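Before any comments, here is the structure.
Small disclaimer: the values here were computed from a predicted structure and weren't measured.
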Amino acid sequence: MTSPRLLYIVVLVSLKMLLMYSYKSTDFEVHRNWLAVTSKLPVSEWYQDQEGQSHWTLDYPPVFAYFERGLAVMADVVDSNMTQLDNQEYASERTVIFQRSTVIFGDVLLFLATHAFLSQILRGYALWASVTLVVFHPGLLIVDSIHFQYNSMLYALLVFSYYQVLHRRYISGAVLFTILICAKHLYLYMAPAYFIFLLKNCVLPSRKKVQKFVLLGLSVIGTTLVVFLPFLDERSLTGVLKRLFPWGRGLCHAYWAPNSYALYSAGDLVLQKVLKIDASTSVGTRGLVDGYDGGDTHAVLPSITPRLSTQITLLFVSILIVMYWSRPPGGRSSSRHVVEVFELIVLCSLSSAIFFAFSWHVHEKAILMVSLPSALLLWLVPGPMILPTLCIYIVGTFSLFPLLFQAAELPLKIALVPLILVGIPILAPPQLRLPPTNVSAMLFVAFLAIYQSLHPMLTSRYPFLPLLMLSVSSAMVLLPAFYQLATGFLLYSWSWK
């Protein structure tokens, strides 16, 4: 390993270790419990409800369960109490260090994957600025290094799949992407984009189209069958699917993700006030956040059902795919192939944006599915796409600030604001131009992200108002940015030498 890469890893690990004892969300206990579930229960019981078991049940696909099982072997050596089913909320010092270290390992994997991919395309400052924009993404710092998840490791797998495609190893890339979906099903957001790309750039240019399509299909289906092999009986498969797709949840998460339904629901609240409808006595909003039972989700506006949200999502995804498909194919030159890979990455980001904007029960953390792929190409996209990519990066990060809700994290949030507003544009390409309206919008969202923590110190009234304001204002920036990114992708030509 060359010295710059090694030095970067040392700096990365050292900085992430500073957060070793920071605030832990319930996700920390969730993953500790998954260590116990995969360690102490037979595979057939991993996705089944157990009497007296923690309610933090395994709800990721099997590949992630296998990952937890592998970690459990090491966890038993570090602290055997960590993998006990009845040891809920266990967080010894060894447990904290072990679990935090596994996340840092994912950060290192992300660096290796990102550097390996971008070093094929960029050099010098542009390379290291692009790597830093991804690896030190403040959203990953919030969600993984503090809140506690493994998004860095999973995104590293996605970048490795892009790396395979860059080298025209389409089957390997498809297999890696299938494994990724079987590790976290949220990556199904990108599946339509990845499929249509492979069809257009792998199957159709081949002289043996049928054979190539069959080989690609067998690789994907075969990988999925191998992963799900222990769960193919009816009881196990039903348990897995029930955990992965809980349609009984409400339209929105408790903290509304900044998407179209945040604006729609806020509009419904305004109409309730104007029409003087007492929402506390109305059953019309029960399905908005609480479990959905087939009733209404809104008191005034027409209700959104899981079927309707799915239809809207698929409609916009279909439009995106048709417009991408209609783009003229390039030649087989190496420069054109690089551009095709760029298009794949932006297409994945746009497909994720559509699912984030319109699908059912979206978590705020899903914004990373949009901002991370687009951040990978900030130095490579055409000029008109730089500004919306940056807006998604910055405002999407501010929308994650409510995950750090304890008073002890307020200084960190305040420190992150200037680092994000100043540091990210510095790392952006020199052709970036920030219009005053965009700057004002970013500053306003940043203010709300901080005020959300200050509000409980100032008053006990309207506890949900700061969250609502942050969600709505973020959505008002993000949704137009999604549209601008899409139009830039579909209307402007790419070039690469």
Side-chain angles (χ1 to χ4, degrees), residues 1-12 15-16 106-141 144 151-167 335 337-350 352 367-397 419-434 481 485 488-489 492 494-497:
M1 184 180 294
T2 58
S3 55
R5 291 169 63 194
L6 181 59
L7 178 61
Y8 198 102
I9 290 175
V10 170
V11 173
L12 171 64
L15 290 176
K16 290 303 179 82
D107 294 327
V108 174
L109 280 182
L110 178 58
F111 164 71
L112 294 174
T114 304
H115 186 275
F117 177 81
L118 290 175
S119 63
Q120 308 294 306
I121 308 166
L122 297 172
R123 296 290 183 271
Y125 178 80
L127 168 62
W128 291 104
S130 296
V131 169
T132 301
L133 283 168
V134 174
V135 176
F136 282 98
H137 194 299
L140 287 177
L141 182 144
D144 283 10
N151 293 286
S152 292
M153 180 191 71
L154 296 167
Y155 187 61
L157 191 57
L158 178 65
V159 178
F160 276 129
S161 77
Y162 292 152
Y163 180 83
Q164 296 299 314
V165 172
L166 183 64
H167 289 276
S335 60
H337 175 66
V338 172
V339 170
E340 289 171 351
V341 178
F342 296 169
E343 291 176 342
L344 166 63
I345 297 172
V346 179
L347 198 64
C348 285
S349 183
L350 289 173
S352 297
I367 190 61
L368 292 175
M369 299 286 293
V370 186
S371 64
L372 280 171
S374 56
L376 191 65
L377 293 185
L378 188 60
W379 276 77
L380 301 168
V381 295
M385 295 173 61
I386 296 176
L387 180 59
T389 299
L390 194 74
C391 287
I392 293 168
Y393 189 112
I394 292 176
V395 175
T397 298
L419 285 176
I420 293 170
L421 291 176
V422 178
I424 303 306
I426 288 176
L427 292 173
Q431 62 266 39
L432 170 69
R433 297 293 182 268
L434 279 173
L485 184 63
F489 170 68
Y492 292 91
W494 294 54
S495 62
W496 178 255
K497 297 181 180 179

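A donor-acceptor pair under 3.5 Å links the side-chain atoms of Ser161 to the main chain of Leu158, judged by distance alone. Side chain of Thr389 to backbone of Leu378: no donor-acceptor contact under 3.5 angstrom is found. Remark: the backbone N or O of Leu133 is paired with a side-chain donor or acceptor of Tyr393 at under 3.5 angstrom. Panel note: side chain Tyr155, backbone Leu372; a donor-acceptor pair is recorded below 3.5 Å. Side-chain atoms of Thr114 do not come within 3.5 Å of backbone N or O of Phe111 as any donor-acceptor pair. The backbone N or O of Leu427 sits less than 3.5 Å from a side-chain atom of Trp379, completing a donor-acceptor pair.
The CG atom of Leu419 lies 12.0 Å from the OG1 atom of Thr397; values are rounded to the nearest 0.5 Å. With rounding to the nearest 0.5 Å, the separation of CG in Asp107 from CG in Leu140 is 7.5 Å. Remark: Asp144 CG to Leu368 CG distance equals 8.0 Å, nearest 0.5 Å. Here the CD atom belonging to Glu343 is positioned 12.0 Å from the SG atom belonging to Cys348, to the nearest 0.5 angstrom. Annotation: the span from Ile386 atom CD1 to Ser374 atom OG amounts to 12.0 Å, rounded to 0.5 Å.
Between Leu112 and Ile9, the closest side-chain pair of non-hydrogen atoms falls below 4.5 Å.
Using modelled atom types and a 3.5 Å distance limit, the side chains of Thr132 and Tyr8 yield a donor-acceptor pair.
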In sequence, state the C-alpha distance, the side-chain angles, and the governing distance for Leu157 and Val159, and then conclude on side chain to side chain contact (heavy atoms under 4.5 Å, CB included).
CA-CA 5 Å; Leu157 191 57; Val159 178; over 6 Å; no
